[in-house]
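This is a predicted model, so every value here is computed, not measured. Just so it is clear: chains get the letters A, B, ... in the order the sequence lines come, proteins before strands, and each one is counted from 1.
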There are 2 protein chains.
Amino acid sequence: MISIADQVFEELERDILSGVYERDEILTEMKLSEQLHVSRTPIREALRRLEQEHIIEPTSKGMKVVGINREDISDICEIRLRLEGLAARWAAERANEAGIRSLRETLDLQEFYTQKQDPDSIKNADSQFHQTIYALCGSHSMQDTLEPLHRKLLKYRRVSVSTQSRAQKSLDEHRAIYEAIAAHDGEKAEKLTIAHVQNARDSILKRVIMQ
Amino acid sequence: MISIADQVFEELERDILSGVYERDEILTEMKLSEQLHVSRTPIREALRRLEQEHIIEPTSKGMKVVGINREDISDICEIRLRLEGLAARWAAERANEAGIRSLRETLDLQEFYTQKQDPDSIKNADSQFHQTIYALCGSHSMQDTLEPLHRKLLKYRRVSVSTQSRAQKSLDEHRAIYEAIAAHDGEKAEKLTIAHVQNARDSILKRVIMQ
DNA sequence: GTTTGCTTTTATGCATACAAAAAACCGGGA
DNA sequence: TCCCGGTTTTTTGTATGCATAAAAGCAAAC
């Protein structure tokens, strides 16, 4: 069962990172409590988690929306560049057949939506592919590290896959990574993933500049 | 002002990672509330953070202490190996004079305690050196990523620096890293830090095996 | 007109009350 | 003796109350 606090967290995180709440906007427990029709307790809990992720920060008037800026994105990409390859390697070395099958399923999903050219669903499937790798890599520390970073790129990944060429390329790269993991070829999975994250970074940063 | 919830979190994290609470022990909000003489609210908040770090996990009877195992340590070292160098590089490139001075101060502290051969204080100064670099690297994402990983090694770092030779070597390595950062030589800072983390890993893992 | 000091408002931190879900317990019947 | 039914206990999730700290507002004095 997913608690109200979790739901509030997910909703607020999504809305902050996607721009529903804009930078410097003040969020107070009381106001959110009224808006979302829940008591302050689960709101507090959600705000605390957002504060730990540094996408809001406390002020005397309430929590100020910070979100992420261009430097954050660049830094996050740089960090992912150093870790995602290792995560894929571990997934290749450690995942069992059931895990590989579930990775396959996210790939099929992404293929389907890429053909339908549905950017929002593509973005979700794309995310799910990466998050499944985090889950399969067999390290909570790795998963805990990469997941929040990945979520922070949400909005920009959406923009990135909204061009058909990038969406298709991303799918192809995922397919190759999947094959390497399914073959338990850690070396190859790592190399392919690094190249993939590099491409994703270039695609994201190119579009961020344009804004 | 540091809140009660924060204090409870720090105390519980320390006690779990240093073995005061042992693996599989059950922690309930009510019991902790009585033991620590605070209400359930700040206890809950602390437990949530510990749960997010995966050092406790929910069961129907309460939160079960998980702590970290040998594989976790190895994985964390591997992750640090890929990130700490980058953090040092960024610190070298981005830190201002005040920041470099504060790094210098932690180094002096470590030197003092190393001469006094006080393992617990050495460990703290050693930690502080790394955490200062995280703070100076100018990236919240990097800081948020490395700090929890670093804290998880607490107990093992303590063991590691309790031999005088390792303590001295660590100090020398820190000094070299400091010089590189102070000279804004990112390349060198990164290279030296990677070597340092490698040594720290070897030192930690050697002792973990012996347990 | 400005400043100082008091009052009011606002927002959070902690305590506590209540409800629901799940596990443990217990007693009677086969 | 073992199992099955309902009851009690345990534990958490959420709501709410209360205290405190800080900011804003306000009025009187200079």
Nearest listed nucleotide, side chain of Glu29(B), among dT12(C), dG13(D), dA15(D):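 Output: dG13(D).
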Closest to side chain of Arg40(A), choosing from dG17(D), dT16(C), dA24(D):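 When the side chain of Arg40(A) is considered, dG17(D) is the closest of dG17(D), dT16(C), dA24(D).
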Ser60(B) or Leu47(A), whichever maps to the more 5' nucleotide of DNA chain C: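 So the residue in question is Leu47(A).
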Rounded to the nearest Å, what distance is computed from the [atom1] atom of residue [X] to the [atom2] atom of nucleotide [N]?
{"X": "His37(A)", "N": "dT14(D)", "atom1": "NE2", "atom2": "C1'", "answer": "16 Å"}
{"X": "Ile43(B)", "N": "dT16(C)", "atom1": "CD1", "atom2": "P", "answer": "13 Å"}
{"X": "Arg44(A)", "N": "dT16(D)", "atom1": "CZ", "atom2": "P", "answer": "16 Å"}
{"X": "Glu34(B)", "N": "dT10(D)", "atom1": "CD", "atom2": "P", "answer": "12 Å"}
{"X": "Met30(A)", "N": "dT14(D)", "atom1": "CE", "atom2": "C1'", "answer": "18 Å"}
{"X": "Leu27(A)", "N": "dT10(C)", "atom1": "CG", "atom2": "P", "answer": "18 Å"}
{"X": "Phe9(B)", "N": "dG13(C)", "atom1": "CZ", "atom2": "P", "answer": "16 Å"}
{"X": "Leu32(A)", "N": "dT14(D)", "atom1": "CG", "atom2": "P", "answer": "16 Å"}

Side-chain donor-acceptor pair present, Ser203(A), Arg207(A), cut-off under 3.5 Å: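 Yes, because at least one side-chain N or O of Ser203(A) sits under 3.5 Å from a partner of the opposite role on Arg207(A).
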Touch class at under 4.0 angstrom, heavy-atom based, for Thr41(A) against every strand present: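 Result for Thr41(A) = base.
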Sugar-phosphate, base or nothing in reach of Ser3(A), heavy atoms under 4.0 Å: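 Counting heavy atoms under 4.0 Å across all strands, the contact made by Ser3(A) is with sugar-phosphate only.
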Parallel, tilted or perpendicular, as decided by the 30° and 60° cut-offs, for the rings of His130(A) and His196(A):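 Parallel: the ring planes of His196(A) and His130(A) meet at under 30°.
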Aromatic ring pairing His150(B)/Tyr134(B), orientation class (parallel under 30°, perpendicular over 60°, tilted between):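 The arrangement is perpendicular - the two ring planes meet at more than 60°.
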Heavy-atom neighbours of Gln35(B) CD exceed 12 at 6.0 Å: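 Yes, the 6.0 Å shell around CD holds more than 12 heavy atoms from other groups.
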4.5 Å side-chain heavy-atom contact, Leu50(A) and Leu27(A):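 Side-chain contact under 4.5 Å: no.
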Ser39(B) side chain near dA15(C) phosphate (N/O to OP1/OP2, under 4.0 Å):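 So the side chain of Ser39(B) is within the cut-off, an N or O lying under 4.0 Å from OP1 or OP2 of dA15(C).
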